[in-house]
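Down below is the structure, laid out as structure tokens.
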There are 2 protein chains.
Amino acid sequence: MVTKQYTGSLDDADLTRADSLAREIFSDIANKWALLIIEALGDRTLRFSELRNEIEGVSHKMLTQNLRMLERNGLVERCVHPTVPPRVEYTLTEPGRGLLKTTHYMCDWTHQYLGHIEASRRSFGD
Amino acid sequence: MVTKQYTGSLDDADLTRADSLAREIFSDIANKWALLIIEALGDRTLRFSELRNEIEGVSHKMLTQNLRMLERNGLVERCVHPTVPPRVEYTLTEPGRGLLKTTHYMCDWTHQYLGHIEASRRSFGD
DNA sequence: CTGCATCCTTATAGATACTG
DNA sequence: CAGTATCTATAAGGATGCAG
């Protein structure tokens, strides 16, 4: 469980290894660039440079860094074609595709409530 | 649209205001603490201190900061009881509850693939 | 109890340059 | 083209103290 579901007086030491791992993974994917990469990939196979063009505002460094993280966690498969110049293609794995449902939903949600949020910000004092 | 869905040679200046707002909102919610707060609140009403206990590892500062952000965006309602000591309760608004589907799914996903991910990390060289 | 402000440490992210 | 490394600027985050 990613959040505590009990209200006892347990402290950090009582988190099981699985729980802290779950939290670590949750933190990895609950991240702007990771989710945008997953959403951009979808069911397609894209090259590094194509991903960079798809994702507005991502830097070379952030893209590399997050792709390595997603690869490490087995959400993205990296395929290197030994050509000159090199061609590196990225594809979501089955676990990675499992997150598409979430990213699509989050994108839909964002557009659905764009007006609500803009109004709320104004009344909040922006 | 949070990611570009076209492949033309358009540059930053072509992003519409709505698109950059959408990206800003997406970045606000595609964030570890924001999603954990939403998941922790669920359909309940919780006090500041209760939230702090529910969310393992969150600091006073991060919780305050993210609650203000969620409030500003209209995802969380803040109710102050004028008692001594003060009692401040937080509840998800309707747009906020709209994200519960996502957070629940992400939590489920995390547990579903915990084994996959652990194995992947080992074979990656951890 | 909650919130804000402060200081201070660490982490993050951009820019740049260099390699295969 | 893709990746790594280095440097630097800025932001994030923890700890603390004080105020309502």
Side-chain angles (χ1 to χ4, degrees), chain A residues 7 9 11-12 15 20 23-24 26-37 40-41 44-73 76-91 124-126, chain B residues 7 9 11-12 20 23-24 26-37 40-41 44-73 76-91 124-125:
Chain A
T7 52
S9 58
D11 60 22
D12 289 358
L15 278 176
S20 73
R23 172 61 75 85
E24 193 186 322
F26 187 89
S27 300
D28 271 356
I29 60 172
N31 149 288
K32 173 179 152 178
W33 295 126
L35 291 172
L36 286 172
I37 290 171
L41 276 175
R44 302 180 290 177
T45 291
L46 293 177
R47 303 181 58 171
F48 182 88
S49 49
E50 290 170 334
L51 268 170
R52 226 193 138 180
N53 291 333
E54 287 289 319
I55 303 171
E56 190 64 42
V58 73
S59 67
H60 187 122
K61 187 182 177 181
M62 284 302 99
L63 187 52
T64 311
Q65 200 167 290
N66 279 275
L67 281 170
R68 277 310 85 75
M69 178 274 285
L70 293 172
E71 192 191 354
R72 179 172 102 95
N73 288 324
V76 158
E77 195 183 359
R78 181 165 174 269
C79 179
V80 183
H81 299 270
T83 58
V84 186
R87 179 185 184 83
V88 182
E89 295 181 329
Y90 293 93
T91 317
F124 194 75
D126 291 15
Chain B
T7 53
S9 58
D11 60 23
D12 291 359
S20 73
R23 172 62 76 85
E24 193 186 323
F26 187 89
S27 301
D28 271 356
I29 59 171
N31 150 288
K32 173 179 153 177
W33 295 126
L35 291 172
L36 286 171
I37 290 171
L41 277 175
R44 303 179 291 176
T45 291
L46 294 178
R47 303 181 57 171
F48 182 87
S49 48
E50 290 170 334
L51 269 170
R52 236 202 126 173
N53 290 333
E54 286 289 320
I55 304 171
E56 190 63 43
V58 73
S59 67
H60 187 122
K61 187 182 180 181
M62 284 302 99
L63 186 54
T64 311
Q65 198 167 292
N66 279 275
L67 281 169
R68 279 308 86 75
M69 178 274 287
L70 293 172
E71 192 190 356
R72 177 173 104 95
N73 288 325
V76 158
E77 194 182 2
R78 181 163 173 270
C79 179
V80 183
H81 299 270
T83 57
V84 185
R87 179 185 183 81
V88 184
E89 294 180 329
Y90 294 93
T91 318
F124 194 75

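Atom set for the values below is all heavy atoms of this structure, side chains included, hydrogens, waters and symmetry mates excluded. Each chain gets a letter, A, B and so on, in the order its sequence line appears, and its residues count up from 1.
Here the nucleotide nearest the side chain of A/Pro85, chosen from D/dC1, D/dG3, C/dC4, is D/dC1. Checked against C/dT2, C/dC4, D/dA2, the side chain of A/Val88 finds its nearest nucleotide in D/dA2.
For C/dC1, the OP1/OP2 oxygens have no side-chain nitrogen or oxygen of B/Thr83 closer than 4.0 Å. In this structure, B/Arg47 does not reach the C/dC1 phosphate: none of its side-chain N or O atoms is under 4.0 Å from OP1 or OP2. Note on A/Arg52: every side-chain N or O is 4.0 Å or more away from OP1 and OP2 of D/dC1. Distances shorter than 4.0 Å separate some side-chain N or O of A/Arg78 from OP1 or OP2 on D/dG3. Distances shown here put a side-chain N or O of A/Tyr90 below 4.0 Å from the OP1 or OP2 atom of D/dG3. Under 4.0 angstrom from either OP1 or OP2 of C/dT2 there lies at least one side-chain N or O belonging to B/Ser49.
Note: CD (A/Glu50) to P (D/dC1) measures 11 Å, nearest angstrom. Residue A/Lys32 contributes atom NZ, which lies 10 Å from atom P of D/dA12 at whole-angstrom precision. Rounded to an integer number of Å, the gap from A/Phe48 CZ to C/dG20 P is 19 Å. Rounding to whole angstrom units, CG of residue B/Leu67 and P of C/dG3 are separated by 7 Å. Atoms CG (A/Leu46) and C1' (D/dC1) sit 15 Å apart, rounded to a whole Å. Atom CG of A/Leu63 is separated from atom P of C/dA13 by 13 Å (rounded to the nearest Å).
Between A/Lys32 and B/Ser27 the shortest heavy-atom distance is CD-OG, 3.2 Å. Taking each heavy atom of A/Ile29 and A/Leu35 in turn, the nearest pair found is O-CG, 3.1 Å.
Between B/Glu54 and B/Arg44, at least one side-chain N (NZ, or NE/NH1/NH2) sits under 4.0 Å from a carboxylate O, which counts as a salt bridge.
Judged by distance alone, the side chains of B/Asp28 and B/Asn73 do bring a donor and an acceptor atom under 3.5 Å apart.
Under a 3.5 Å cut-off, the side chain of A/Glu50 and the backbone N or O of A/Arg47 do form a donor-acceptor pair. Side-chain N or O atoms of B/Arg23 include none that pairs as donor or acceptor with a backbone N or O of A/Gly57 at under 3.5 Å. Under the 3.5 Å distance criterion, the side-chain polar atoms of A/Arg78 are left unmatched by any main-chain donor or acceptor of A/Leu67.
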Nucleotides 13-20 of chain D: protein proximity per nucleotide (B base, S sugar-phosphate only, - neither; heavy atom, under 4.0 Å):
BBB----B
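Taking 4.5 Å as the limit, some side-chain heavy atom of A/Leu51 sits within range of a side-chain heavy atom of A/Tyr90.
Contacts of A/Thr45 classified as side-chain hydrogen bond (donor to acceptor under 3.5 Å, both in side chains), with partners at least two apart in sequence or in another chain: A/Thr91.
Axis angle across the helix from C/dC1-D/dG20 to C/dG20-D/dC1, with five pairs used at each end and values rounded to 10°: 40°.
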